[in-house]
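Worksheet: one structure, shown below.
Treat the numbers as computed from the prediction; the structure is a model and nothing was measured. Reminder, nothing fancy here: chain letters follow the sequence lines and each chain counts from 1.
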Number of protein chains: 2
Amino acid sequence: MAKVLKTKDKILNAAERLFAEQGFEHTSLRQITGIADVNLASVNYHFGSKKALIQAVMERYHSAFMPELDIRLVELEAKGVTSTEQVLNCFIEPLLSLQRINPNGTSIYLSLLGHAYSEIQGHLRRFTMQNFGHVVQRFLACVQQANPHLTLSTLFWRLHFTLGATVFVQVSGQALSEIAEADFGEQASAQDMIAKLIPFLAAGIAAPV
Amino acid sequence: MAKVLKTKDKILNAAERLFAEQGFEHTSLRQITGIADVNLASVNYHFGSKKALIQAVMERYHSAFMPELDIRLVELEAKGVTSTEQVLNCFIEPLLSLQRINPNGTSIYLSLLGHAYSEIQGHLRRFTMQNFGHVVQRFLACVQQANPHLTLSTLFWRLHFTLGATVFVQVSGQALSEIAEADFGEQASAQDMIAKLIPFLAAGIAAPV
DNA sequence: GTTTAAATTAAACGACTGTTTTAATCGGTC
DNA sequence: GACCGATTAAAACAGTCGTTTAATTTAAAC
């Protein structure tokens with residue numbers, strides 16, 4: 001008995017798919033309502049604006065991911081951080097748990113994050129930091145504890161390099177996966193990509209100056 | 001005797017500045033012609049289309065940078081590559097030499113590259129690979145020579161992480177620099193950013209699996 | 001069955017985009 | 001000075017976008 005989705009959920013589902021595939025700005029409300037098979041005006045009726053729709057799509061994932069991440073960071077902080085890789089590993093399970101929202105939840109969330117940061121979505125950044133800024137702070141503290149030899153400035157830059165590498169790969173993820181599959185015959189799931197990413201990032205963050 | 005610029009050059013200069021600051025898609029022809037103080041229609045008259053203008057802006061930098069990079073990669077290849085950092089260092093001088101085109105040439109070029117890859121500019125990617133694909137190939141060969149312990153697949157992914165980190169930081173460069181200056185009192189020039197980036201990337205690429 | 005609010009629909013709005021058209025002007029040549 | 005191609009100028013074009021309006025339908029409460 002496939003549940004009949006209400007208009008609001010049909011919009012959210014269509015939007016998250018298109019946003020992840022094409023980014024926020026390249027996706028028009030007409031595309032979304034076309035796929036969702038609802039009227040154009042219903043987006044503004046149910047969500048108020050496109051901005052608000054974007055935030056609603058993100059929040060569904062944020063609110064599932066962030067608390068999970070925070071739990072693991074707190075645990076790690078308590079028992080003491082000894083390596084950068086430890087910190088990054090805290091991301092794995094929370095990311096994979098997003099598959100409960102959607103079978104492709106992990107890559108969708110990462111894609112959305114990627115587009116949120118590569119497009120100029122100031123309102124999203126503010127929105128995220130307001131709601132989950134403390135998680136970001138805790139993450140930073142953990143990385144710092146793992147790398148006491150690095151100055152705050154160096155850490156600042158390296159974390160942004162980290163963010164950049166992650167984000168970019170997710171945005172170009174589909175295209176890259178196709179190339180990788182053609183060239184190396186390997187299908188790269190979101191999980192595989194994370195596994196490949198972590199050693200790279202950990203080594204980069206902890207690199208000597 | 002400040003040389004009076006012809007319309008075509010006024011457009012190119014205004015376009016490269018705005019493209020670097022805002023990206024290609026967020027920059028309208030009306031913005032460009034407004035700053036350049038020329039008529040809107042002159043863009044299509046002199047360049048044919050916005051796409052063609054984008055390529056013209058990129059080519060000015062590509063044609064200055066790519067041959068310089070190639071020279072250094074060939075030299076390095078001849079004397080034998082022993083470390084990843086060696087390969088990345090080949091980028092420094094060619095990047096800095098772009099300041100002859102424009103005092104901010106280095107960061108403008110990197111910004112343009114960033115936007116070219118984070119926006120979906122398929123035509124630019126094709127254009128670049130057609131003209132300078134051999135340089136990319138040589139770069140790949142050098143990295144491979146420096147890291148014989150890595151599989152081609154691992155290398156493929158790590159180079160894209162590398163690209164991502166570089167690109168992202170350049171796109172968000174201005175915003176990040178401002179934060180860094182506020183928090184750590186350091187002004188981060190394009191040169192500084194490259195110097196911070198290379199150890200991070202080199203360690204990431206060469207990391208153990 | 002009537003009432004009332006919620007939800008859906010079709011249509012238009014106003015603002016923006018890249019591009020094209022048509023006419024006016026500029027610069028150099030005979 | 002008259003000609004002529006190259007350049008500039010103002011205006012309109014055709015398309016897309018997010019949003020709003022006003023009318024209609026649906027669904028639940030009484």
Value in whole Å for how far the C1' atom of dT17(C) lies from NZ of Lys51(B): 15 Å
Name of the residue among Leu95(B), Thr106(B), Ile108(B) meeting side chain to side chain contact (heavy atoms under 4.5 Å, CB included) with Tyr61(B): Ile108(B)
Given dT19(C), dC17(D), dT19(D), the nucleotide with the shortest approach to the side chain of Ser28(A): dC17(D)
Between dA12(C) (P) and Asn44(A) (CG): distance, integer Å: 19 Å
Whole angstrom value for the distance that separates C1' of dT19(D) from CD1 of Ile54(A): 15 Å
Side-chain N or O of Ser42(A) closer than 4.0 Å to phosphate OP1/OP2 of dT8(C): no
Value in whole Å for how far the P atom of dT19(D) lies from CG of Leu29(A): 6 Å
Value in whole Å for how far the P atom of dT16(D) lies from CD of Gln22(A): 15 Å
Short side-chain N/O contact to dG18(C) OP1/OP2 from Ser49(B), under 4.0 Å: no
Plane angle bin for Tyr109(B) and Phe65(B) - parallel if under 30°, tilted between 30 and 60°, otherwise perpendicular: tilted
Sugar-phosphate only, base, or nothing, as touched by Thr33(A) at under 4.0 Å among non-hydrogen atoms: nothing
Most 5' of Gln31(A) and Tyr45(A) on DNA chain D, judged by nearest nucleotide: Gln31(A)
Rounded interatomic separation in angstrom, taking NE2 from His26(B) and P from dT17(C): 11 Å
Aromatic ring pairing Phe139(A)/Phe91(A), orientation class (parallel under 30°, perpendicular over 60°, tilted between): perpendicular
Rounded distance in Å - NZ (Lys50(A)) to P (dA15(C)): 19 Å
For atom NZ of Lys10(B) and atom P of dT7(D), their distance in whole Å: 14 Å
His46(B) side-chain N/O to dT8(D) phosphate OP1/OP2 under 4.0 Å: yes
5′-ward residue of the pair Arg30(A)/Val38(A) relative to DNA chain C: Val38(A)
Atom of Arg60(A), atom of Ile101(A) and distance for their closest heavy-atom approach: O-CD1, 3.7 Å
Which nucleotide in dC17(D), dT19(C), dT9(C) has an atom nearest any side-chain atom of Asn39(A): dT9(C)
Whether His115(B) and Phe24(B) hold their rings parallel, tilted or perpendicular, with breakpoints at 30° and 60°: perpendicular
Closest to the Ala41(A) side chain, choosing from dA9(D), dA10(C), dT19(D): dA10(C)
